[in-house]
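Since the structure comes first, as structure tokens, the remarks are kept for the end.
Every heavy atom of this structure was used, including side-chain atoms; hydrogens, water molecules and symmetry mates were not. Just so we're on the same page: letters track the sequence lines, and every chain starts at 1.
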Amino acid sequence: MSTDVLTQELQQGFDCVYEKPDTLTDTRFHYCPGCGHGVAHRILMETIQELGIAEQTVGVAPVGCSVFAYHYMNIDMQEAAHGRACAVATGVKRVLPDRYVFTYQGDGDLAAIGTAETIHAVNRGENILIVFINNAIYGMTGGQMAPTTLAKMVTSTTPYGRETDWIGFPLKMTDLVAHLPGAYYVTRQAVHTPNAVRKAKKAIRNAFEYQKLNKGTCFVEIVSNCPSGWKMNPSDSNKWLEENMLPFYPLGDLKVPEKA
Amino acid sequence: MQEQISKEREIRLMKGNEALAEAAIRAGMHAYFGYPITPQSEILEYLTEQMPKRNFKVLQAESEVASINMIYGAAGAGARVMTTSSSPGISLMQEGLSYIASAELPCVVANVVRGGPGLGTIQPSQGDYFQAVKGGGHGDYRLIVLAPNSVQEMADFVFDGFRLAEKYRNPVMILTDGALGQMMEKVALPPEGSLEHVVPEWATVGKPKTREPNIITSLFIEPEKMQAVNIHLQKKYKTIEENEIRYEEYHTEDAEIILTAFGLSSRLCQKAVDLAREAGIKVGLLRPITLFPFPYQRISELAHDAKAFLTVEMNAGQMVEDVRLAVNGKKPVFFTGKMGGIIPSPEEILAKVEEMAANINNLTEVER
Ligand SMILES: Cc1ncc(C[n+]2csc(CCOP(=O)(O)OP(=O)(O)O)c2C)c(N)n1
């Protein structure tokens with residue numbers, strides 16, 4: 001029996017309390033089982049639906065596992081070159097200042113090849129939302145070291161673990177941008193537990209609401225797993241995230257708007 | 001070569017860079033993104049000065065990599081956009097240009113070329129012909145390349161550039177140089193708002209419920225799709241070649257020696273033709289205005305009656321390869337050039353012409 005038939009049969013005789021938003025297409029995610037990208041996509045697009053801003057929103061997804069975001073996000077989208085999402089989003093926002101513009105970037109994209117674009121977009125206070133998926137690894141290219149890879153963490157290009165004495169240290173981009181005057185709202189969230197998902201969704205909602213105010217950049221990091229890249233099953237990867245990622249990348253707000 | 005100047009045009013004395021910037025505003029450019037580099041910084045300076053008084057946006061980007069990607073975003077959102085730079089900065093833009101060509105976004109990019117390779121010199125050069133005309137970035141794509149040879153054309157080609165870019169959904173490069181950018185000449189500027197603009201239906205402006213999402217992308221992961229996109233692009237380039245070739249001729253009717261030169265070199269060659277004609281030598285000039293599409297056909301025709309060609313460039317010999325392709329061995333093709341930011345003088349070109357004329361029936365290309 002196909003899953004679609006199963007879904008139909010299950011729906012008969014049940015009240016539907018949890019639906020796919022119109023802002024997501026019917027295309028199935030290509031993400032690996034248990035990957036945080038799927039949940040992050042969902043809460044982002046649910047929020048856009050709930051705020052009723054789908055018609056005024058333009059998304060930018062650069063190269064990385066989420067380069068095909070436009071297959072799933074049922075809104076106008078631009079694919080950006082690796083690292084250039086913030087520049088592309090700047091271009092969109094500068095000519096369409098009344099639209100909601102967001103980027104959806106991985107850590108390699110945002111914190112290595114696109115560091116300059118990220119820092120300068122935030123420093124200019126571009127009125128965009130930057131969603132930053134930090135899975136401490138290059139997912140798309142097969143699990144190489146990312147700038148965010150933890151010390152001693154094994155990846156395909158740090159086969160003996162990240163040796164910080166010659167490879168350098170994991171980069172906390174979110175902490176960096178929080179210091180910039182152009183940043184309006186900076187927060188670090190996760191999507192590995194139902195409670196974390198709820199909080200992350202609230203953060204994304206805040207960010208879109210702040211974008212209306214034209215006060216600066218909103219930056220939402222989502223600490224995520226990468227079961228395939230980390231070579232773990234999904235539940236082990238979530239446990240590993242809790243035990244290893246969160247102590248180094250603690251969750252919570254780094255910059256919140258001052259109360260008027 | 002003086003064009004008819006219509007009455008509505010405003011006459012000003014301007015630097016080439018300023019004329020290009022002013023023309024962009026008058027052509028209804030919505031946004032400009034750029035980064036300082038000599039010899040084109042006047043463009044960014046002029047536009048930042050004008051922005052509060054006129055209806056367009058300017059942003060000084062953090063790099064040329066950023067500016068070309070801002071262009072991608074803004075063009076994808078349906079705006080009429082331009083960036084400018086000089087050689088090293090244009091090199092940094094190549095990845096972005098390839099994406100823009102593949103995603104079929106219209107924009108104008110001006111390269112005010114300086115001498116290279118490397119950091120090179122800030123003096124004028126034509127060393128970026130290959131990069132502009134043969135690709136520059138990765139993959140099979142073409143820029144439409146316009147080569148002005150006066151301050152007037154620095155302005156006019158911005159209008160032509162936007163028109164062509166939007167007609168073909170293709171990036172247009174204005175390939176100019178540091179001398180044309182810096183020198184002052186009289187320029188007749190068209191009135192503001194004389195170039196119509198409609199937001200294209202493919203632009204990402206926010207998806208109404210009534211249509212499918214608009215997606216700006218250059219990613220076609222299935223080989224068959226990628227091939228189909230390439231075939232589509234090649235067809236488009238063919239159409240451009242059929243319809244948009246532009247060149248100018250000067251005294252070619254009875255010429256035994258045909259000079260070929262683009263941009264600034266063509267001005268010097270025009271003077272050299274005058275000097276040679278005074279000395280009784282039958283010389284003419286073919287000046288390609290569009291470098292892609294290139295006037296192969298016309299050069300091939302000229303090769304019937306002419307006895308020899310001399311290509312003059314401010315580089316080590318780049319366009320001459322296309323001239324040789326067009327002449328296809330029918331007649332000898334010679335080259336003379338200056339590199340490193342040095343401009344050849346009409347007298348130097350004349351000397352080369354005289355040398356050729358003295359031996360006109362016995363020339364072989366080996367002598368080059
Ligand atoms: C200029 C350029 N360099 C390298 C690549 C190859 N590349 C594609 S995705 C990627 C890394 C993606 O990692 P990340 O941004 O962390 O996103 P993830 O895939 O983990 O979600 C790399 C190096 C590319 N496409 N373009």
Side-chain angles (χ1 to χ4, degrees), chain A residues 22-25 27 30 48 52-63 67-101 103 113-124 126 128 140, chain B residues 29-33 35 56-81 83 92-100 102-103 105 107 137-138 199 201-221:
Chain A
D22 296 339
T23 44
L24 282 172
T25 64
T27 311
H30 70 278
I48 289 171
I53 57 169
E55 297 186 30
Q56 297 112 52
T57 303
V58 180
V60 179
V63 179
V67 69
F68 280 124
Y70 57 73
H71 282 174
Y72 316 121
M73 299 181 179
N74 193 20
I75 56 169
D76 281 0
M77 295 280 296
Q78 294 199 14
E79 171 244 342
H82 192 25
R84 314 304 165 212
C86 284
V88 170
T90 298
V92 176
K93 188 73 182 190
R94 291 282 167 150
V95 298
L96 298 174
D98 61 342
R99 304 303 198 282
Y100 295 88
V101 177
T103 68
I113 195 168
T115 313
E117 283 77 2
T118 308
I119 286 184
H120 286 281
V122 180
N123 197 46
R124 288 190 300 266
E126 294 295 337
I128 58 173
M140 189 193 215
Chain B
M29 173 182 74
H30 298 114
Y32 171 94
F33 303 94
Y35 188 83
F56 68 97
K57 292 185 177 131
V58 185
L59 185 63
Q60 179 171 331
E62 59 271 28
S63 69
E64 292 85 352
V65 175
S67 22
I68 196 68
N69 284 284
M70 290 173 184
I71 290 286
Y72 177 99
R80 180 174 281 166
V81 288
T83 185
L92 272 186
M93 293 186 189
Q94 293 304 325
E95 184 199 26
L97 279 170
S98 171
Y99 273 65
I100 286 172
S102 178
L105 299 176
C107 65
H138 57 286
V199 178
E201 83 273 356
W202 47 259
T204 58
V205 293
K207 176 189 114 55
K209 289 200 178 66
T210 47
R211 68 156 164 80
E212 290 297 298
N214 281 342
I215 293 159
I216 304 298
T217 185
S218 65
L219 173 63
F220 307 96
I221 202 103

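Listed for the A:R84 side chain is no donor-acceptor partner under 3.5 Å among the backbone atoms of B:V65. Checked by atom type and distance alone, the side chain of B:Y72 never pairs as donor or acceptor with a backbone atom of A:G91 at under 3.5 Å.
Neither the backbone nor the side chain of A:V60 comes within contact range of chain B; no heavy atom of the residue lies under 4.5 Å from a heavy atom of that chain. Contact of A:Y100 with chain B is not made at all, since no heavy-atom distance falls under 4.5 Å. For A:H82, the part lying under 4.5 angstrom from a heavy atom of chain B is the backbone only. Within the 4.5 angstrom heavy-atom criterion, no atom of A:A89 approaches chain B. Only the backbone of B:A203 comes within less than 4.5 Å of a heavy atom of chain A; no side-chain atom from C-beta onward does. In this structure, the portion of B:Y99 lying under 4.5 Å from any heavy atom of chain A is its side chain and not its backbone. In this structure, chain B has a heavy atom under 4.5 Å from the side chain of A:P97, while its backbone stays farther away. For chain B, the nearby part of A:A54 is the backbone; its heavy atoms alone come within less than 4.5 Å.
Contact check for B:P213 versus A:I75: no side-chain heavy atoms found under the 4.5 Å cut-off. Within the 4.5 Å cutoff, side-chain heavy atoms of A:Y70 are placed close to those of B:L219. At least one side-chain heavy atom of B:R211 sits under 4.5 Å from a side-chain heavy atom of A:D76. Contact check for A:R99 versus B:V205: side-chain heavy atoms found under the 4.5 Å cut-off.
For the atom pair OG1 (B:T217) and CE (A:M77), the distance works out to 10.0 Å, reported to the nearest 0.5 Å. In this structure, the separation between CE on A:M73 and CD1 on B:I215 is 11.5 Å, given to the nearest 0.5 Å. Taking CD of B:E62 as the reference point, atom CD of A:E117 lies at 5.5 Å (rounded to 0.5 Å).
When every heavy atom of B:G73 is checked against every heavy atom of A:V92, the shortest pair comes out as O-CG2, 3.4 Å.
Chain A forms the most heavy-atom pairs under 4.5 Å with one residue out of B:S218, B:S63, B:G206, B:A61, and that residue is B:G206. Of the listed residues B:K57, B:K207, B:H30, the one with more heavy-atom pairs under 4.5 angstrom with chain A than any other is B:K207. When each of A:H120, A:K93, A:Q56 is checked for heavy-atom pairs under 4.5 Å with chain B, A:H120 comes out on top.
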Pair B:L59-A:R94, side chain to side chain contact (heavy atoms under 4.5 Å, CB included): steps then yes or no: CA-CA 9 Å; B:L59 185 63; A:R94 291 282 167 150; 3.6 Å; yes
